[in-house]
Amino acid sequence: MEKTRLQKQLAFLLEIDKMKTILRRNVILDKSKQEDDAEHSWHMAVMAMLLYEYAPKGTDLLRVLKMALIHDLVEVYAGDTFCYDKTANQDKVRREQAAADKLFSMLEKDQEQELRTLWEEFDRMDTPDSLYAGAIDRLQPLLLNCHTDGHTWKQANVTSADVYRRADPIRRASPKLWECIEQMIQACIRCGLLKE
């Protein structure tokens, strides 16, 4: 017997509960545990809302919030890929595309298409909405690293050049945010939290 729309939605919602078990390399601010994907997405959504005044002109906050909440859903199957791990990133696109096919197809076609379109747009960072969402996605772990004594940066031997490359969407999306973030990165370099 075919599932109803509501049954499919409920099954999807239960499936994405797995995000709470996908650990990221960052630790939370008190360093008591690794952050999970659900915590990251929630924190990113709140940041996007609070910092919206620094978003590019024409940015639609509702679309950005949707992107924040769904951008890592595919990691329930693909796992989290540490952004500074060159080897793991080699097949990331393939793994995440397969995960998106599997996960989003649990929903009716209209919702499958909406989520897939938002997820793909987020990855491209080629619209004001996706660039701002991407910038906030990069800002969130950067803030955590700055305030956890460079925890993940030190573990992975990350350099300031790596951080600048990774943080570039912040610069492109918001000069005002970038000014503040660049000062934070420089402060982390000066006090030895981040290698030059």
Side-chain angles (χ1 to χ4, degrees), residues 19-56 64 67-68 71-76 78-96 99 119 122-126 130-196:
M19 282 188 74
K20 298 171 188 172
T21 67
I22 307 299
L23 297 179
R24 296 168 51 84
R25 293 281 294 268
N26 292 320
V27 291
I28 63 172
L29 210 52
D30 71 0
K31 301 183 209 169
S32 63
K33 71 179 197 83
Q34 284 176 265
E35 176 186 50
D36 67 46
D37 267 357
E39 292 166 329
H40 164 69
S41 296
W42 161 81
H43 201 195
M44 185 182 149
V46 173
M47 289 173 68
M49 181 184 65
L50 195 64
L51 301 175
Y52 179 62
E53 64 195 86
Y54 308 107
V64 171
M67 286 180 196
H71 79 287
D72 277 344
L73 289 182
V74 298
E75 293 182 6
V76 301
D80 180 63
T81 305
F82 183 49
C83 62
Y84 299 111
D85 184 336
K86 291 181 175 96
T87 304
N89 274 281
Q90 289 176 351
D91 70 342
K92 177 185 175 189
V93 171
R94 180 193 56 75
R95 286 184 290 109
E96 289 191 349
W119 178 73
F122 172 85
D123 269 1
R124 289 191 313 268
M125 284 192 273
D126 62 355
S130 60
L131 182 57
Y132 179 60
I136 297 299
D137 182 47
R138 307 301 170 85
L139 176 60
Q140 193 267 349
L142 195 153
L143 285 176
L144 288 179
N145 270 290
C146 287
H147 292 88
T148 57
D149 303 317
H151 175 271
T152 308
W153 292 337
K154 288 178 180 177
Q155 271 191 343
N157 212 23
V158 173
T159 67
S160 60
D162 296 326
V163 171
Y164 273 113
R165 230 181 344 270
R166 181 76 183 157
D168 191 60
I170 304 168
R171 181 190 60 78
R172 292 182 7 234
S174 176
K176 186 75 172 172
L177 271 179
W178 179 247
E179 185 181 313
C180 175
I181 297 312
E182 188 168 27
Q183 290 172 9
M184 289 176 69
I185 294 170
Q186 287 300 313
C188 287
I189 293 168
R190 282 193 303 277
C191 62
L193 302 183
L194 183 60
K195 294 188 329 186
E196 284 226 64

Is there a side-chain contact between [X] and [Y], using heavy atoms and a 4.5 Å cut-off?
{"X": "Leu139", "Y": "Leu51", "result": "yes"}
{"X": "Pro175", "Y": "Tyr54", "result": "no"}
{"X": "Asp80", "Y": "Asp37", "result": "yes"}
{"X": "Pro169", "Y": "Leu131", "result": "yes"}
{"X": "Trp119", "Y": "Ser130", "result": "no"}
{"X": "Arg138", "Y": "Met44", "result": "no"}
{"X": "Leu143", "Y": "Met47", "result": "yes"}
{"X": "Val27", "Y": "Glu35", "result": "no"}

Checklist entry - Counting N and O atoms only, with roles assigned by atom type, does the side chain of Asp149 sit under 3.5 Å from a partner on the main chain of His151, one being a donor and the other an acceptor? => result no
Next on the checklist: Looking at Val158, is its backbone amide N or carbonyl O close enough to the side chain of Asp162 to form a donor-acceptor pair, meaning the two atoms are under 3.5 Å apart?
Outcome noted: no
Checklist entry - Quick one: CH2 on Trp153 to CG on Leu193, what's the gap to the nearest 0.5 Å? => result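 Atom-to-atom, Trp153:CH2 and Leu193:CG are 7.5 Å apart.
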Checklist entry - In a check of salt bridge (charged side-chain N to carboxylate O under 4.0 Å, His left out) between Asp168 and each of Arg166, Arg165, Arg171, which one passes? => result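 For Asp168, the salt bridge (charged side-chain N to carboxylate O under 4.0 Å, His left out) test succeeds with only one of Arg166, Arg165, Arg171, which is Arg171.
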Next on the checklist: Is a donor from one side chain sitting under 3.5 angstrom from an acceptor on the other, for Gln34 and Glu39?
Outcome noted: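 Distance-only check fails for Gln34 and Glu39.
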Next on the checklist: Whether the Thr152 and Arg24 side chains hold a donor-acceptor pair (N or O, under 3.5 Å, no angle test) is what I'd like checked.
Outcome noted: no
Checklist entry - Can you tell which of Asn145, Thr159, Ile189 makes a side-chain contact (heavy atoms from CB on, under 4.5 Å) with Leu194? => result Ile189
Checklist entry - Would you say Lys86 has more than 12 foreign heavy atoms packed within less than 6.0 Å of its NZ? => result no
Checklist entry - Does CZ belonging to Phe82 count more than 12 external heavy atoms closer than 6.0 Å? => result yes
Checklist entry - Is any side-chain N of the basic residue among Glu196 and Arg190 closer than 4.0 Å to the acidic one's carboxylate O? => result no
Item to check | Counterpart residues, ring pair (Phe, Tyr, Trp, His ring centres under 6.0 Å), relative to His71 (two or more places apart) | outcome: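 Listed in chain order: His40, Phe122.
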Item to check | Minimum-distance pair of heavy atoms, taken over all atoms of Asp123 and Glu96 | outcome: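 Result for this residue pair: OD2-OE1, 4.3 Å.
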Checklist outcome for this item: Tyr132 and Ala48 have their tightest heavy-atom pair at OH-O, 2.7 Å
